[in-house]
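Following: one structure in structure tokens, then a few remarks.
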2 protein chains.
Amino acid sequence: MPGGRPRAFDADTALDRALEVFWRQGYEGTSLTDLTTAMGINKPSLYAAFGNKEELFGAVLARYLEGPGGYAAAALDAPTADEVVRLLIHGAIELTAGHGGSRGCLCVKSVHAGGPDSEPVRRNAVAVRKAGEAALRKRLEQADDLPPGYTAAELAALVHTISDGIAVQAAAGRTRTELSRVADTALRALLG
Amino acid sequence: MPGGRPRAFDADTALDRALEVFWRQGYEGTSLTDLTTAMGINKPSLYAAFGNKEELFGAVLARYLEGPGGYAAAALDAPTADEVVRLLIHGAIELTAGHGGSRGCLCVKSVHAGGPDSEPVRRNAVAVRKAGEAALRKRLEQADDLPPGYTAAELAALVHTISDGIAVQAAAGRTRTELSRVADTALRALLG
DNA sequence: CTAGTTTCATACCGTTCGGTACATAACTGG
DNA sequence: CCAGTTATGTACCGAACGGTATGAAACTAG
């Protein structure tokens, strides 16, 4: 029965444009005008398609996790615990050292959105992070080749922490080359 | 010749109130109303005493570095390189695990202020971070008891990165106890 | 007490914020 | 062609933003 005027933009590519902006400027630093300009649509179209700024960010974060951040889930499939850790650290560098104009990790940035209105966004990011570390811990718990001297929980928390540190360093302007040196040092200390 | 009406507030305690708010909500998440309310003064008083929001943040950041963040400079006076690193990591936990309502590190938060207007603030935070790591590197370069397997630059960068990671973890809600476990694991891996 | 100086509180400035009403345009089914 | 539905562009909403003009209040020097 229905039909209606077809939308003049592709929702997925618009979401990718929104991801670029949020990734570069953070949730609080991004205005609706920034978004509509980057997405090439008007505000009513944005609201009809994505709800509001907060819901749009939710969709963007989900896309971030299965797109640029997808390496993290993939890394868990590596054969050895050792390799899982290496893939996670090196993946963090590739992710954060510079995608276009964006430096750092969208999820880490979102955790630092401190305004009262941004609390739902912050909680969302925290939940995503917790789930990610839980998945890593479970992967390590089931490993029979854990690096000596760690429990699965300890290693998962430490790897997560170092990954966060890399994201901050990247956001503060460290180059991919410098980050690689830091990662090599860390992996040498962690895994020998 | 002069005299003038005396100000009805103490500038230092007002600065401390501003620090609390900025630390909790970040630069972009804090409005002038938030600030004047917490400081107990009106906007014209704020502008007369501190310039504008951006300059006030500069003063706040400086106060943060020599107050709550002062442990970092103090740690460099420890007798051994080993002890310097331990003091930095444990200090980072005390700093970030919860001062009043604030979690995380003001400097790390400020690096993630991504809006166009906040760029001076971001640059300021980046400069402070760079200077801090340079001081640590110099301290380690002059040490004759460097932990084996690292250059001074490598160890400084890695310790800085782990410290950043701790700040993110704290901002994401990890408790002081959990952070201590992460730190113990990290120090064991780093220093044996 | 007066003149000069500085801070105070109030009220306001233009701009931008996130979000929406409304009329029109483009489509589908009958 | 017409009725119904959905998307579009424009123009607008009240609220909050960072920042300021203004006049009274509180002090010091003479």
Side-chain angles (χ1 to χ4, degrees), chain A residues 1-15 17-19 21-22 24-61 110 113-122 124, chain B residues 1-15 17-19 21-22 24-61 110 113-122 124:
Chain A
M1 334 97 183
R5 177 171 175 172
R7 62 164 48 123
F9 64 95
D10 180 67
D12 280 345
T13 67
L15 208 55
R17 301 279 174 277
L19 170 56
V21 182
F22 274 133
R24 184 168 357 108
Q25 308 195 349
Y27 180 75
E28 290 174 329
T30 301
S31 71
L32 282 187
T33 305
D34 292 332
L35 290 167
T36 53
T37 300
M39 299 165 90
I41 63 179
N42 307 87
K43 279 191 272 188
S45 300
L46 190 156
Y47 277 79
F50 303 105
N52 60 11
K53 188 187 176 188
E54 188 181 313
E55 292 180 53
L56 170 60
F57 182 86
V60 161
L61 186 57
S110 308
D117 313 342
S118 332
E119 227 237 314
V121 164
R122 208 187 71 90
N124 191 356
Chain B
M1 335 97 180
R5 178 172 174 171
R7 62 162 50 122
F9 63 96
D10 180 66
D12 280 346
T13 67
L15 209 54
R17 300 279 175 277
L19 170 55
V21 182
F22 274 133
R24 181 164 4 103
Q25 308 195 350
Y27 180 74
E28 289 174 331
T30 301
S31 70
L32 282 187
T33 305
D34 293 333
L35 289 168
T36 53
T37 300
M39 300 165 89
I41 64 180
N42 308 83
K43 278 189 275 190
S45 300
L46 189 157
Y47 276 80
F50 302 105
N52 59 12
K53 189 189 175 186
E54 186 179 316
E55 293 180 50
L56 171 60
F57 183 86
V60 160
L61 186 58
S110 309
D117 313 342
S118 332
E119 228 236 315
V121 165
R122 206 187 73 90
N124 191 355

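A, B, ... follow the sequence lines: proteins, then strands. Residue 1 opens every chain.
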I'd like to know if the side chain of B/S118 and the backbone of B/G114 have a donor-acceptor N/O pair within less than 3.5 Å. no
I need the CZ-P distance between B/F57 and D/dG18, as an integer number of Å. 14 Å
Grab the CE-P distance between A/M39 and C/dG18 for me, whole Å please. 13 Å
When you measure from the side chain of B/E28 to the backbone N and O of B/G115, does any donor-acceptor pair fall under 3.5 Å? yes
Is the NZ or CZ atom of B/K53 positioned over B/Y27's six-membered ring, under 6.0 angstrom from the centre and within 45° of the axis? yes
For DNA chain C, whose closest nucleotide is more 5', that of A/P44 or that of A/Y27? A/Y27
Which part of the nucleic acid does A/N52 contact within heavy-atom distance under 4.0 Å: base, sugar-phosphate only, or nothing? sugar-phosphate
Over all strands shown, is A/P6 touching base, sugar-phosphate only, or nothing at heavy-atom distances under 4.0 angstrom? sugar-phosphate
Within this structure, what is the CG-to-P distance between B/D117 and D/dG18, rounded to whole angstrom? 10 Å
Whole-Å distance between C/dG19 C1' and A/F50 CZ? 16 Å
Could you check whether the rings of B/F9 and B/F50 sit parallel, tilted or perpendicular, using 30° and 60° as the cut-offs? tilted
Length of the line joining B/Q25:CD and D/dC17:P, which is rounded to integer Å: 10 Å
Could you give the CG-to-C1' distance, from A/L32 to C/dT15, as a whole number of Å? 16 Å
Any N/O donor-acceptor pair, A/R5 side-chain to C/dA25 base, under 3.5 Å: yes
Remember a base hit wins even if backbone is also touched, and classify A/A49 as base, sugar-phosphate or nothing at under 4.0 Å, heavy atoms. nothing
Output yes when at least one side-chain N/O atom of B/N42 is less than 4.0 Å from OP1 or OP2 of C/dC8, else no. no
Nearest nucleotide by nearest heavy atom, which residue falls closer to the 5' end of DNA chain D, A/L46 or B/G51? A/L46
Are B/T33 and D/dA16 close enough that a side-chain N or O sits under 4.0 Å from OP1 or OP2? no
Give the rounded distance in Å between these two atoms: CZ of B/F9 and C1' of D/dA26. 15 Å
Using whole Å, report how far OH of A/Y47 lies from P of D/dT10. 18 Å
Does B/S31 offer a backbone N or O that forms a donor-acceptor pair with the side chain of B/D34 under 3.5 Å? yes
Give B/T36 one of three labels, base, sugar-phosphate or nothing, depending on what nucleic acid heavy atoms sit under 4.0 Å from its own. nothing
Establish, with yes or no, whether the OP1 or OP2 oxygen of C/dG19 is under 4.0 angstrom from a side-chain nitrogen or oxygen of A/K43. no
Distance below 4.0 Å between B/S31 side-chain N/O and D/dA16 OP1 or OP2: no
N/O (side chain, A/S45) to phosphate O (OP1/OP2, D/dA7) under 4.0 Å: no
